[in-house]
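Order of the sequence lines sets the chain letters (A, B, ...), proteins ahead of strands, with each chain counted from 1.
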Amino acid sequence: MHHSKLQRKKREEAILLSLKKLDFLTRGQIQSIHKLKSDRNAQRVLKQMEEYLNVIRSGENIYYLNAAGRSLVNCDKVRKSTGNVQHYIMRNYLYIAYSCPQSWDNEIRITSEGKSKKDTVTCVADAVFKRGDFYTVIEVDNTQTMKKNQVKIQKYRTLKDRFTFGPVAPKFIWITTTENRRKELIKLNEDKGLVAEVFTLTDFNA
DNA sequence: CAAATCCGCTAAACCTTCTC
DNA sequence: GAGAAGGTTTAGCGGATTTG
């Protein structure tokens, strides 16, 4: 059922679409999203696709679309290996942990208009997905300062109070780097009365 | 240098198609 | 249908490569 030339093209296209959606993916992440079985097999599949991919070698290979790959899936956004690829990789762990939600969207701007300009509150969530009326907001804490996190959490509190997420209170999912930061983020969310869960990279043995 | 990962090679499993 | 042919996927071994 998985083995004709057509099936192979479909799988390759699905992988390219994942890269379009998620920017950068490790070999292991592609392997679990697309059920590529063994490590060796995943490496083989991705090697076969190299004409569409750029590769960053650092531990596990990290893949992103090259020009050929972008044109195959109509992708305008050009990724560069410089900068914080780690941020994308961390976000992907949550995408996978929550079973690749259909409604998942990255970089969502959330705005609540105030009575005056200065009461307007805007936040850009790293990702959002929803089931029915229930929103889940994803935040990645990579090299952010805690002060910035605190400001962001205050903004989320305001948005929640103004029912910007609708009648049902949203849940916040964070991923961070260390156990200590995890504890700090839990506390900050608790203080603002937000329902939150905080993971660290080690939760995904990364 | 050691540890992890990649990848070439090979053999087996499996699917589709063809032929009788 | 059963069985052979032809193509792909899968997994394991081991050497090459990369990274810290």
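In summary, R8(A) and E12(A) engage in a salt bridge, as defined by a charged side-chain N under 4.0 Å from a carboxylate O. Between K187(A) and E190(A) there is no salt bridge, since no side-chain N of the basic residue sits under 4.0 Å from a carboxylate O of the acidic one. Between E13(A) and K10(A) there is no salt bridge, since no side-chain N of the basic residue sits under 4.0 Å from a carboxylate O of the acidic one.
At whole-Å resolution of the value, NE2 in H34(A) and C1' in dT10(C) are 18 Å apart. Computed from coordinates, the K47(A) NZ to dC9(B) P distance equals 12 Å when rounded to whole Å. Rounded to an integer number of Å, the gap from N41(A) CG to dT9(C) C1' is 6 Å. Here the P atom of nucleotide dT9(C) and the CD1 atom of I15(A) are 11 Å apart, to the nearest Å. Across the protein-nucleic acid pair, M49(A) atom CE and dT8(C) atom C1' stand 16 Å apart, rounded to whole Å. Atom CZ of R40(A) is separated from atom P of dG15(C) by 15 Å (rounded to the nearest Å). Rounding to whole angstrom units, CD of residue Q31(A) and P of dT9(C) are separated by 15 Å. If you measure from atom CG of D39(A) to atom P of dC6(B), you get 8 Å, rounded to the nearest angstrom.
Contacts of R44(A) with the nucleic acid, taken as non-hydrogen atoms under 4.0 Å apart, include base atoms. Residue contacts for R57(A): at a heavy-atom cut-off of 4.0 Å it reaches the sugar-phosphate backbone alone, with no base atom in range. E50(A) comes within contact range of no nucleotide atom at all, as no heavy-atom separation falls under 4.0 Å.
Crowding of K130(A) atom NZ: a count of heavy atoms from other residues, nucleotides or ligands under 6.0 Å not exceeding 12.
One N or O on the side chain of D203(A) and one on the backbone of T200(A) form a donor-acceptor pair closer than 3.5 Å.
In the set dT10(C), dC9(B), dT9(C), the nucleotide with an atom closest to the side chain of K37(A) is dT10(C).
Taking 4.0 angstrom as the limit, Q43(A) places none of its side-chain polar atoms (N or O) nearer than this to OP1 or OP2 of dG8(B). OP1 or OP2 of dC6(B) sits under 4.0 Å from a side-chain N or O of N61(A).
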